[in-house]
Amino acid sequence: MQTVRVKKPAGSRQEEGEGEGEGENERVGEREGERVGNVVSVLSGSRKRRKGSRGNSILTRQDSSFWMFTVPALLIFLIIVQIPFFIGIFYSLTDWDGINSAPDYIGFANYRELVNDTRALGSLSFTLRFTAAVVVLSNVLGFSLALALTKGLPGTNAMRVIFFLPNIIGGLILGFLWRFVLIQGIQAIGKTTGWAFFQTPWLGDPTTGFWGSVVVFVWKTAGYLMIIYIAALLNIDKSLIEAADIDGAGKFQTLIKIKVPLLFPAFTVCLFLMLSWAMKLFDVIFALTNGAPYGSTEVFALNIYKEAFVYNNYGYGSAKAVVFFFFVAAITIVQVWATKRKEVQL
Amino acid sequence: MKKIMFLAVIFGLLAIGMIFAAGQEEGAAKEVELEIFHFKVPWIDAWENLEDEFEAAYPGVTVETEISGGGADWRTLLKAKFAAGAGPDIFIIEGFSDYQLWKEYIEPLSDQPWVSHLLPNAKASATFDGELKSMPLAMEGYGYIYNKDLFAKAGITKTPATLDELAAAAKKLKGIGVYPFASGFGTWWVISNHFTNIPFAQQDDPMGFIEGLNNGTEKIPGNAVFNQWKNVFDLVLANSEPNPLTTDHNSQVAMLANGQAAMIQQGNWKEAVLYDTNPDLNIGLLPIPISNDADAGRVPVGIPFYFVVNSTSEAAEKEAAKNFLSFLVGTPEGQRYVTEEFKAIPAFDNIPASNLGGVGKDIVEYSKQGKTIPWMFSFWPDGAVNEFSDAAQKYAAGIVSFPEYTREIQAMWDRLK
């Protein structure tokens, strides 16, 4: 059940007649797949051990070369992620403003305040709606692109690169670019053509702000998911497809009954990635709308940032961040657990 | 062979680099590096020349300046610098609320040579906890920067000073096919700090009003001045470009400079960039009237920011910092930058305001006549400028009614105070 082991059988390359550039993309997908696979197996580690399947989880590995390679990375992880995390928990129990050298300990007052913070709850609701929209749209689009681009059509490699490219652009730059396109670009088109669709104030009201953000983020991420799906699709044993064909399954039936169940490890990864990316999204929104208009597109990460750094309530901001951590962790664990149950073992 | 040559070149460069770096380190023992942080992005080019002149006058000091502003969260950056133990030697605060935040890092400046030349009201506002702790440089004012040529073309002979006159002017401007206003309501500080400042500053006793809000004796909903201010808010919304919430301060400047709009709510800090974009621009400043009283037309004039010296810097750096500030306002070379380059209205009686643009001249004129109101937003609670912007944008978009809007900002005040 090792998730997304996307190494291709040796023969498949010749069969598909693929070029060099595309192999490159696949390796990217493969690496990410493995990384996330590890996260997933850590998350579900206990279940695995109980079942007595292959016991090579990182927790039980003994040989010294393993530790030699892991310790430096672990150390860095400890210093830049773990320790600040606990410092953050400490600050969440204080009234620190971010500058004062002697913050006061105030217990759980910050956490109690959160219940009545309508602005924070509003931004949480935006984050959830946004996440729901992008998880669905990005996966549907990524999967559709992957299906279309594994058919061996001419120009496939170029298309894969083009769809993957938005992922390489940094979130901030991408946000500013799209801000220009949506506000200046679309209005310019609206002025010349007079079409009502182009005259709507993009990013100027909550609805267009929401869909504008969704479009930009889906545009950024769909190509990445596409690469993972392509890798998984190419990994499906050709004999299974052939067998289905001989048994008289149509194209659609093959997709639903054979491919989709076999692709579940990829779904696990892609859903997990999108959920955690979308819920923790900051940079794209910061550049694109910065919460405007009137805070209606304020994702929770941006709300935390503003609370801590703009409103000078570092302690309260930390409390929000801690709560948000457990919230995101809970949702993603449930998702991974749910999709992993559906994975097919051969 | 080529590879070996390439490697040799690389190693050679590295070696030279190391020697160079070592040399620099030796020199650094004597040199003082003065770090400055401020948010006046439009000054960026002139500031570099100012640094050069200062370095020439004070050998052994190098100046490093970081400028972050416009739409950026400069406070966040400044906090990050202090958190990393790399607080600049000179930084800026916007007023009392900022002082409260940073006070343990602020060095008193009352013994400085320029103190005696500070204008009285500037000196009063730079004094915190009973001691002069900051250096104001310039005064700024805002209102409606207007294109005089477009006003003439529309047949407006008298510069509007009351609400009705402004409404009549807007109607005439619409008649010649330009947008009377480019609102810039997409930028938070335009709609919040500056525009929402008007009803606070137009109170009979602005400071008393703030105190009243803090101790609960004053309320924003139902306040007469806020209700008057609604009229000018509605006037702007009815006469501005379409989709005001997507126009930011840069679009405002562009629209005024290219003649698309006749008025923008901005201040003299935008003058340099306006003249850069269109040197032939014929502009002046109108007040933001909230009623038809003869004396309704008042211009909000204030000190936009104060330089402060970091009290935790090393002694040599503090010395250099104080020298820099004295150089800027106490020597002819430095003063030239204040007036000629920054086109600022000096807060000192020994720096004659010269080379002001149309907007700056009008501000000086309103100040002379005493037709000014203060900048009250530096007395708002932390975070109010951002939240008031959200609330006002909601009203601008027609999501909430004006009474709902006033109740909302009252609730924000009560929560943030």
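Lettering of chains follows the sequences in order, A, B, ..., and the numbering in each one begins at 1. Because the structure is predicted, anything quoted here is derived from the model rather than measured. All values below come from the heavy atoms of this structure, side chains included, with hydrogens, waters and symmetry mates left out.
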Under a 4.0 Å threshold between the charged nitrogen and the carboxylate oxygen, would B:Lys394 count as salt-bridged to B:Glu404? no
Can you tell me which of A:Leu203, A:Asn313, A:Asn312, A:Asp205 forms the most heavy-atom pairs within a distance under 4.5 Å of chain B? A:Asn312
Which one of A:Asn100, A:Asn116, A:Asp117, A:Leu182 has the most heavy-atom pairs closer than 4.5 Å to chain B? A:Asn100
With a 4.5 Å cut-off on heavy-atom pairs, point out which of B:Leu78, B:Leu101, B:Leu245, B:Val385 contacts chain A the most. B:Leu101
Please classify the contact between [X] and chain B as side chain, backbone, both or neither, with a heavy-atom cut-off of under 4.5 Å.
X: A:Glu307; value: neither
X: A:Tyr314; value: neither
X: A:Ile99; value: both

Any donor and acceptor pair, going by atom type alone, linking the side chain of A:Thr127 with main-chain N or O of A:Ser123 inside 3.5 Å? yes
Quick one: does A:Asp95's side chain have a donor or acceptor within less than 3.5 Å of a partner on A:Asp104's backbone? yes
Below 4.5 Å from any heavy atom of chain A, which atoms of [X] appear? Answer side chain, backbone, both or neither.
X: B:Lys79; value: side chain
X: B:Ile399; value: side chain
X: B:Phe185; value: neither

With no hydrogens and no angle check, do the side chains of [X] and [Y] hold a donor and an acceptor under 3.5 Å apart?
X: B:Glu241; Y: B:Ser183; result: yes
X: B:Asp89; Y: B:Ser313; result: yes
X: B:Asn386; Y: B:Ser389; result: no
X: A:Thr289; Y: A:Thr297; result: yes

Crowding at NZ, A:Lys280 (>12 non-hydrogen neighbours, <6.0 Å): no
What orientation do B:Trp74 and B:Phe37 show, parallel under 30°, tilted 30 to 60°, or perpendicular over 60°? tilted
B:His194 and ring-ring contact (aromatic ring centres under 6.0 Å, His included): which single residue from B:Phe388, B:Trp189, B:Phe200, B:Trp188 fits? B:Trp189
Proximity of residues 72-90 of chain A to chain B, residues having a non-hydrogen atom under 4.5 angstrom: none
